[in-house]
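Following: one structure in structure tokens, then a few remarks.
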Amino acid sequence: MKPKVFIAKSIPAEVEAYIGEYCDYKIWEGETPIPKEQLFHEVAEVEGLMTSKGVVTDEFLDHAPHLKIVSNIAAGYDTFDIEVMKRRNIIGTNTPNVLDDSVADHTMGMILMAARKLGELDYYVKQGKWSKLDDGYFLGKDVYNSRLGIIGMGNIGEKVAKRASLGFDMDVVYYNRSRRLDIEEKYGVRYAEMDELLKTADFVVVLLPLNPATQGIIGENEFKLMKKTAFFFNSSRGKLVKEQDLIVALQQGEIAGAGLDVYEVEPVAKDNPLLTMENVVTLPHMGSATEKTRFNMAMKAAENLVAGVTGKQVPNIVKELK
Ligand SMILES: NC(=O)C1=CN([C@@H]2O[C@H](COP(=O)(O)OP(=O)(O)OC[C@H]3O[C@@H](n4cnc5c(N)ncnc54)[C@H](OP(=O)(O)O)[C@@H]3O)[C@@H](O)[C@H]2O)C=CC1
Ligand SMILES: O=CC(=O)O
């Protein structure tokens with residue numbers, strides 16, 4: 001008999017077919033996330049769950065007594081309660097590496113949008129307001145030859161560093177838990193303590209995982225250290241940043257602007273003041289969203305799932321659960 005699994009998100013047909021070769025599966029076809037009570041019902045009999053940002057807690061696991069693996073279709077896994085999963089011997093996997101280049105492209109795009117006001121210019125033309133070309137307001141800041149500070153030099157941080165250093169001639173400094181001498185050598189980037197990075201960078205981007213040690217790592221003090229002319233970007237998780245402090249820093253002109261793909265609460269509230277600020281680029285958590293990358297993420301998550309329920313070696317167990 002094939003092991004039973006539940007897939008809580010629609011996935012490409014080819015990936016579904018692959019899972020079907022090894023598993024007896026059911027899939028959530030809804031366009032909005034599966035309601036909690038329904039998920040609890042669906043996982044009652046299954047050994048594996050494939051999900052995107054599914055929350056794994058004692059309460060959830062109490063409804064899934066046969067569960068062996070939660071395969072997350074994402075690089076981030078902040079929705080895993082690691083201590084609970086360790087205690088209950090649940091395998092947890094993510095999809096690293098296949099999305100790094102797409103997220104790095106998106107991050108550079110966000111930097112260019114904010115610095116060169118690309119979103120505002122697009123809107124200006126489409127509104128039929130283009131009457132002259134020398135509007136002082138639209139003059140931007142150069143990205144090339146400026147300093148980029150990367151907080152979190154992991155898989156995605158490295159790809160951003162490569163683009164910034166080799167493609168945009170940026171002077172790249174980074175802060176990370178551990179030194180990355182390999183990346184320093186390959187791309188000519190330099191390690192800096194957080195304070196130095198914040199005080200000197202023209203563009204600051206956060207690419208850390210969200211966990212109890214990093215939650216709220218950027219707040220009032222960090223924004224006060226930044227240059228008034230500097231821009232702040234978050235491509236990783238909203239809760240790394242104290243969002244109210246970011247709003248105040250922007251309102252008080254402590255920094256020049258921001259670019260956000262992620263927020264404390266998602267989807268972002270319609271009355272969030274960030275949505276009214278012209279110097280803030282607001283994107284809907286789409287860093288990895290290309291057809292090819294989303295396919296590769298789904299396939300990687302499927303391979304993790306199948307390995308987990310068929311007793312094979314599971315390739316992408318998150319490091320805290322290894
Ligand atoms: N916007 C989007 O669509 C996407 C967002 N993401 C987010 O981006 C995050 C980063 O992804 P990825 O690059 O793959 O992750 P990695 O795990 O490869 O890199 C994270 C880096 O952060 C460092 N780090 C961890 N904790 C700390 C700390 N307390 N202080 C300083 N440095 C720390 C790690 O250091 P060390 O080397 O010592 O472990 C590591 O180098 C994901 O966790 C996810 O939340 C990912 C994909 C898409
Ligand atoms: O946010 C997306 C991810 O892959 O993590």
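Keep in mind it's a predicted model, so treat the numbers as computed, not measured. When a ligand or atom number is given, it counts from 1 through the structure's own listing order.
For the residue pair His285 and Glu266, a side-chain donor N or O sits within less than 3.5 Å of a side-chain acceptor on the partner. With 3.5 Å as the limit, one finds a donor-acceptor pair spanning the side chains of Ser236 and Asn234. Remark: the Asn272 side chain and the Glu264 side chain contain no N/O donor-acceptor pair separated by less than 3.5 Å.
One finds a salt bridge joining Glu83 and Lys86 here, because a Lys/Arg side-chain nitrogen approaches an Asp/Glu carboxylate oxygen to under 4.0 Å. Taking the charged nitrogens against the carboxylate oxygens, Arg88 and Asp62 do have a contact shorter than 4.0 Å, which makes a salt bridge.
Remark: ligand 2 atoms within the under-4.0 Å shell around heavy atoms of Ala74 are 3 (C), 4 (O), 5 (O). With ligand atoms numbered from 1 in the order given, ligand 2 contributes 1 (O), 2 (C), 3 (C), 5 (O) to contacts under 4.0 Å with heavy atoms of Arg237. Interface atoms of ligand 2 facing Leu99, defined by a heavy-atom separation under 4.0 Å, are 4 (O). Atoms of ligand 2 lying under 4.0 Å from at least one heavy atom of His285, given by number and element, are 1 (O), 2 (C).
Atom NZ of Lys2 has more than 12 neighbouring heavy atoms from other residues, nucleotides or ligands inside a 6.0 Å radius.
Counting only heavy atoms of the protein, atom 4 (O) of ligand 2 lies nearest to Ala75 N, 2.7 Å.
Residue contacts with ligand 2, taken as heavy atom pairs separated by less than 4.0 Å, do not involve Asn94 at all.
Ring to ring, Phe231 and Phe203 are close: their centroids are under 6.0 angstrom apart.
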Can you give me a line-by-line list of nitrogen or oxygen pairs between ligand 1 and the protein shorter than 3.5 Å?
unit_1: ligand 1; atom_1: 1 (N); unit_2: Ser235; atom_2: O; d: 2.8
unit_1: ligand 1; atom_1: 1 (N); unit_2: Asp261; atom_2: OD2; d: 2.9
unit_1: ligand 1; atom_1: 3 (O); unit_2: Gly287; atom_2: N; d: 3.2
unit_1: ligand 1; atom_1: 13 (O); unit_2: Asn155; atom_2: N; d: 3.3
unit_1: ligand 1; atom_1: 13 (O); unit_2: Ile156; atom_2: N; d: 2.9
unit_1: ligand 1; atom_1: 18 (O); unit_2: Asn155; atom_2: N; d: 2.9
unit_1: ligand 1; atom_1: 18 (O); unit_2: Asn155; atom_2: ND2; d: 3.2
unit_1: ligand 1; atom_1: 32 (N); unit_2: Arg177; atom_2: N; d: 3.0
unit_1: ligand 1; atom_1: 35 (O); unit_2: Asn176; atom_2: OD1; d: 3.4
unit_1: ligand 1; atom_1: 35 (O); unit_2: Asn176; atom_2: ND2; d: 3.3
unit_1: ligand 1; atom_1: 37 (O); unit_2: Asn176; atom_2: ND2; d: 3.4
unit_1: ligand 1; atom_1: 37 (O); unit_2: Ser178; atom_2: OG; d: 3.1
unit_1: ligand 1; atom_1: 38 (O); unit_2: Arg177; atom_2: NE; d: 3.0
unit_1: ligand 1; atom_1: 38 (O); unit_2: Ser178; atom_2: OG; d: 2.7
unit_1: ligand 1; atom_1: 39 (O); unit_2: Arg177; atom_2: NH2; d: 2.7
unit_1: ligand 1; atom_1: 39 (O); unit_2: Lys319; atom_2: NZ; d: 3.1
unit_1: ligand 1; atom_1: 41 (O); unit_2: Met153; atom_2: O; d: 3.2
unit_1: ligand 1; atom_1: 41 (O); unit_2: Gly154; atom_2: N; d: 3.4
unit_1: ligand 1; atom_1: 41 (O); unit_2: Asn176; atom_2: OD1; d: 3.0
unit_1: ligand 1; atom_1: 41 (O); unit_2: Asn176; atom_2: ND2; d: 3.2
unit_1: ligand 1; atom_1: 45 (O); unit_2: Arg237; atom_2: NH1; d: 3.2

Would you mind writing out the side-chain donor-acceptor pairs for residues 104-113 within the sub-3.5 Å range, not counting sequence neighbours?
unit_1: Asp105; atom_1: OD1; unit_2: Arg163; atom_2: NE; d: 2.7
unit_1: Asp105; atom_1: OD1; unit_2: Arg163; atom_2: NH2; d: 3.0
unit_1: Thr107; atom_1: OG1; unit_2: Val103; atom_2: O; d: 2.8
unit_1: Thr107; atom_1: OG1; unit_2: Ser235; atom_2: OG; d: 2.9

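For ligand 2, one of its N or O atoms has an N or O atom of Gly76 under 3.5 Å away.
A cation-pi arrangement, defined by a distance under 6.0 Å to the six-membered ring centre and an angle within 45 degrees of its axis, is absent between Lys53 and Tyr77.
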